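No experiment lies behind these values; they were computed from the predicted model shown. Protein chains get the first letters and strands the later ones, always in sequence-line order, with residue 1 at the start of each.
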Amino acid sequence: EPEVTQTPSHQVTQMGQEVILRCVPISNHLYFYWYRQILGQKVEFLVSFYNNEISEKSEIFDDQFSVERPDGSNFTLKIRSTKLEDSAMYFCASRGQVVSSYEQYFGPGTRLTVT
Amino acid sequence: AQSVTQLDSQVPVFEEAPVELRCNYSSSVSVYLFWYVQYPNQGLQLLLKYLSGSTLVESINGFEAEFNKSQTSFHLRKPSVHISDTAEYFCAVSEGGNTGKLIFGQGTTLQVKP
């Protein structure tokens with residue numbers, strides 16, 4: 001069964017450093033998302049991506065964040081200068097082509113720890 | 001703006017007992033509703049969904065949820081729980097549209113005791 005994969009599973013970085021979180025969505029999906037979950041809190045929407053551009057972003061997704069689909073398979077989230085409060089689990093998700101089917105399939109997540 | 005409220009942060013229950021995890025949502029338009037489950041140290045797995053049609057939806061492992069438009073609720077139920085059902089359960093809503101982003105509730109930890 002196809003699945004969303006994410007690497008690395010755990011990333012430790014120092015405050016101010018740049019990090020890139022990588023995702024490989026399900027191959028025939030066209031809609032891509034990043035969410036984050038701070039420890040003990042709910043899952044929050046960050047950004048959605050369709051047709052090679054951002055379709056919506058939340059207030060959390062400020063200028064420090066960017067997303068890219070550099071090739072036909074990868075989908076990345078970059079944080080330019082990490083802050084302590086960026087420590088969280090980051091989930092990638094993808095959705096299929098059928099417009100009426102809104103379920104998203106999530107990857108296992110990347111735990112980002114900023115020290 | 002849409003929002004989701006899960007009324008119980010933790011639900012302890014004995015094995016083989018019934019359980020209900022409550023979810024209420026707020027939205028000004030038609031919505032699509034989902035329950036996701038997160039087992040310890042794992043990602044989110046889709047448990048069941050309501051897109052349209054019958055208001056009662058079922059999963060393959062015995063969970064069911066009923067969409068109640070008048071009460072804006074989508075409560076999750078199981079008549080008899082197993083130890084293996086211990087997990088975090090998240091209710092989520094989407095208004096569809098171009099992005100279809102999901103808005104999640106706070107989550108409910110289901111603790112099944114032997």
Side-chain angles (χ1 to χ4, degrees), chain A residues 1-7 9-10 21 23-26 29-51 53-61 67 89-111, chain B residues 1-10 21 23-27 29-53 57 59-60 65 67 74 87-109:
Chain A
E1 185 176 327
E3 59 182 15
V4 177
T5 59
Q6 291 184 242
T7 54
S9 57
H10 191 189
L21 310 183
C23 168
V24 179
I26 294 173
H29 283 187
L30 297 178
Y31 301 84
F32 312 111
Y33 306 84
W34 283 101
Y35 294 83
R36 79 171 185 191
Q37 183 182 30
I38 295 173
L39 188 64
Q41 298 185 25
K42 64 180 172 182
V43 178
E44 302 172 288
F45 167 76
L46 290 178
V47 65
S48 59
F49 192 86
Y50 171 71
N51 200 24
E53 61 182 20
I54 291 174
S55 48
E56 186 174 352
K57 58 184 180 180
S58 71
E59 292 177 353
I60 303 166
F61 195 89
V67 289
M89 182 74 91
Y90 288 80
F91 293 106
C92 172
S94 68
R95 176 162 74 90
Q97 300 182 48
V98 178
V99 175
S100 62
S101 176
Y102 287 98
E103 69 259 38
Q104 296 176 21
Y105 294 88
F106 284 76
T110 293
R111 181 169 298 283
Chain B
Q2 34 179 340
S3 65
V4 179
T5 302
Q6 291 183 245
L7 297 164
D8 307 295
S9 59
Q10 292 189 7
L21 307 184
C23 172
N24 286 87
Y25 69 91
S26 172
S27 176
V29 300
S30 296
V31 295
Y32 306 93
L33 296 156
F34 306 88
W35 276 99
Y36 282 85
V37 59
Q38 184 179 33
Y39 297 103
N41 300 313
Q42 295 188 29
L44 298 165
Q45 299 176 29
L46 180 65
L47 186 60
L48 44 74
K49 64 189 178 190
Y50 170 78
L51 302 179
S52 65
V57 290
S59 72
I60 58 173
F67 170 54
F74 191 55
E88 185 92 11
Y89 291 80
F90 292 94
C91 181
V93 63
S94 170
E95 290 183 347
N98 289 334
T99 69
K101 71 180 181 189
L102 292 174
I103 302 299
F104 284 86
Q106 295 278 11
T108 297
T109 301

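Ranked by heavy-atom pairs under 4.5 Å with chain B, the first of A:Phe49, A:Tyr33, A:Tyr105 is A:Tyr33. Top candidate by heavy-atom pairs under 4.5 Å with chain B, chosen from A:Gln41, A:Lys42, A:Met89, is A:Lys42. By number of non-hydrogen pairs under 4.5 angstrom with chain A, the leading residue of B:Lys49, B:Gln38, B:Lys101 is B:Lys101.
Distance alone, capped at 3.5 Å, places no donor-acceptor pair between the A:Tyr102 side chain and the B:Glu95 backbone.
Within the 4.5 angstrom heavy-atom criterion, only side-chain atoms of A:Gln37, from C-beta onward, approach chain B. With a threshold of 4.5 angstrom between heavy atoms, A:Phe91 approaches chain B through side-chain atoms but not through N, CA, C or O. Contacts of A:Tyr35 with chain B are made by side-chain atoms alone, with heavy-atom separations under 4.5 Å and no backbone atom involved.
From A:Glu3, atom CD reaches atom CD of B:Gln45 across 10.5 Å, with rounding to the nearest 0.5 Å. A:Arg95 contributes atom CZ, which lies 7.5 Å from atom OG1 of B:Thr99 (distance to the nearest 0.5 angstrom).
Considering every non-hydrogen atom in both A:Phe45 and B:Leu102, the closest pair reads CB-O, 3.9 Å.
Counting heavy atoms from C-beta on, the side chains of B:Leu51 and A:Glu103 come closer than 4.5 Å.
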